[in-house]
Protein chains: 2
Amino acid sequence: MNEETFSSYSFLLDRTARRVKQYAQQRFKELGFNITVDQWIVLKHLYEHKELKQNELAELLFKDNPTLTRIIDLLCNKGLTVRNTHPEDRRSFMVSLTRNGVKKVEQLSPKVKDIRLKAWEGLSTRDFNQFKKILNTIYQNLG
Amino acid sequence: MNEETFSSYSFLLDRTARRVKQYAQQRFKELGFNITVDQWIVLKHLYEHKELKQNELAELLFKDNPTLTRIIDLLCNKGLTVRNTHPEDRRSFMVSLTRNGVKKVEQLSPKVKDIRLKAWEGLSTRDFNQFKKILNTIYQNLG
DNA sequence: CACGAATTATTAGTATACTAACAATTATAC
DNA sequence: GTATAATTGTTAGTATACTAATAATTCGTG
């Protein structure tokens, strides 16, 4: 295999990541979830951590602050999250789920899991571990 | 491994794909390439195929028509590509590289290859084949 | 304490991704 | 052959990703 072939990983990676997001987004729409895939990821993490600074959320999700600001704006407009003032740092907000936000996560979680698993048909646990190892290696190589 | 863990592939995939693009984009900037990663992919494919309808290009790259329209607009503004009328179908354009576009691809190709290979440090040909197999399986599962 | 440096979130600007709608053209059906 | 359907590319609108710049606040060092 020459290096040219080798470097085609980036094309496959980009293509696949786009299709995964696109597939999930279409299913979200068909099922009337009324949120985007990225908004879902934010909701899910807030559910698991109760309350987070936008900062911490950005780090967890590997997204930048401006992107987070906008996603949270949208989620607040939908009544799924709230920004509360931070008790000790007036620069920060503590973001958390509203009661509706909690309900949303609990309702959608099993459905999202099914949507995600669709991609994995015909692949094994061993494949999963390999895949994870390679993705993490690439991620760290570029860090 | 439970299914919840299993479905985390999508997060890793998205995260890694973003970092790969981000890394390349930063290097492009540092080295003064003056194009984006996606613009590069279009140039590269045009170099290999001489002349393509936007349609065909979109299919090759797995991008949609509006996205292609805008990328080609930008490349034409930079003097790297041209739209020529299709001899038999007045709806279509034949897109091809200008002389400057050809020069650009030839100058940047080896540099881009090096940038791409950085991600692959510490990984083997066997890893590459595994990775490719898994990405393609996922892609097809969602197709 | 005071001043400069660092941090937090936001805004603005550009690029890409996707959907929907549209105009022009071509293909198809009857 | 003409009406309808399909195709090609574009435009518009929303969402995300990234950079750069900014305002408000906090930290750190003297």
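Throughout, a chain's letter reflects where its sequence line sits, starting with A, and its residues are numbered from 1.
Taking atom NZ of B/Lys21 as the reference point, atom P of D/dC18 lies 9 Å away to the nearest angstrom. In this structure, the CD atom of A/Gln26 is 14 Å from the C1' atom of C/dA20, given to the nearest Å. Taking atom CZ on B/Arg83 and atom C1' on D/dT8, their separation rounds to 12 Å, with Å as the unit. Computed from coordinates, the A/Gln22 CD to C/dT16 P distance equals 17 Å when rounded to whole Å. Across the protein-nucleic acid pair, B/Asp73 atom CG and D/dA12 atom P stand 12 Å apart, rounded to whole Å. At whole-Å resolution of the value, CZ in A/Arg18 and C1' in C/dC18 are 11 Å apart. Taking atom CZ of residue A/Arg70 and atom C1' of nucleotide D/dT19, one finds them 11 Å apart after rounding to whole Å. For B/Asp89 and C/dA27, the CG to P distance is 7 Å, given to the nearest whole Å.
In terms of position on DNA chain C, the residue among B/Thr67 and A/Leu68 whose nearest nucleotide sits closer to the 5' end is A/Leu68. Projected onto DNA chain C by closest heavy-atom contact, B/Pro66 and B/Glu88 fall at different nucleotides, the more 5' of which corresponds to B/Pro66. Positionally, the nearest nucleotide of DNA chain D for A/Asp64 lies more toward the 5' end than for the other of A/Asp64 and A/Arg90.
No side-chain donor-acceptor contact under 3.5 Å links A/Arg19 and B/Asn141. Of the N and O atoms on the side chains of B/Ser8 and A/Lys132, not one donor lies less than 3.5 Å from an acceptor on the other residue.
For the OP1/OP2 pair of D/dA20 and a distance below 4.0 Å, the side-chain nitrogens and oxygens of B/Lys29 include at least one atom meeting the criterion. The shortest distance between the side-chain N/O atoms of A/Asn65 and the OP1/OP2 oxygens of C/dT8 is not below 4.0 Å. Between B/Lys63 and C/dT16, a side-chain N or O to OP1/OP2 separation shorter than 4.0 Å is absent. For A/Gln39, a side-chain nitrogen or oxygen approaches OP1 or OP2 of D/dT16 to under 4.0 Å. Here B/Ser92 does not reach the OP1 or OP2 of C/dT25: none of its side-chain N or O atoms lies under 4.0 Å away. One finds a side-chain N or O of B/Gln54 lying less than 4.0 angstrom from the OP1 or OP2 phosphate oxygen of D/dT10.
Judged by distance alone, with hydrogens and angles left aside, A/Arg15 brings no side-chain donor or acceptor close enough to the base of C/dA17 to form a pair under 3.5 Å. Contact annotation: side chain of A/Arg91 to base of C/dT7, donor-acceptor pair present below 3.5 Å.
Among the heavy atoms of the strands lying under 4.0 Å from B/Asp38 are primed sugar atoms or P, OP1, OP2 only; no base atom is included. Residue contacts shown for A/Thr69 include a base, since a base heavy atom lies under 4.0 Å away. A/Leu74 comes within 4.0 angstrom of sugar-phosphate atoms only, judged by non-hydrogen atoms across all strands, and of no base. Nucleic acid contact class of B/Ile71 (heavy atoms, under 4.0 Å, all strands): sugar-phosphate only. Residue contacts for A/Glu56: at a heavy-atom cut-off of 4.0 Å it reaches no nucleic acid atom on any strand shown. Residue A/Arg19 is classed as having no contact, given no heavy-atom separation below 4.0 Å to the nucleic acid. Within the nucleic acid shown, B/Thr36 comes within 4.0 Å of sugar-phosphate atoms alone, with no base atom in reach, counting heavy atoms only.
Residue A/Glu59 places its CD atom among 12 or fewer non-hydrogen atoms of other residues, nucleotides or ligands, all under 6.0 Å distant. Under a cut-off of 6.0 angstrom, the local environment of CD in B/Glu121 is crowded, with over 12 non-hydrogen atoms contributed by other residues, nucleotides or ligands.
Distance from the side chain of B/Phe93 is smallest for D/dT10 among the nucleotides D/dT8, D/dT25, D/dT10.
Residues A/Lys21 and A/Asp38 form a side-chain contact, since some pair of their non-hydrogen atoms from C-beta on lies under 4.5 Å apart.
Between A/Trp120 and A/Phe128, the gap from one ring centroid to the other is short of 6.0 Å.
Taking the charged nitrogens against the carboxylate oxygens, A/Lys118 and A/Asp114 have no contact shorter than 4.0 Å, which rules out a salt bridge.
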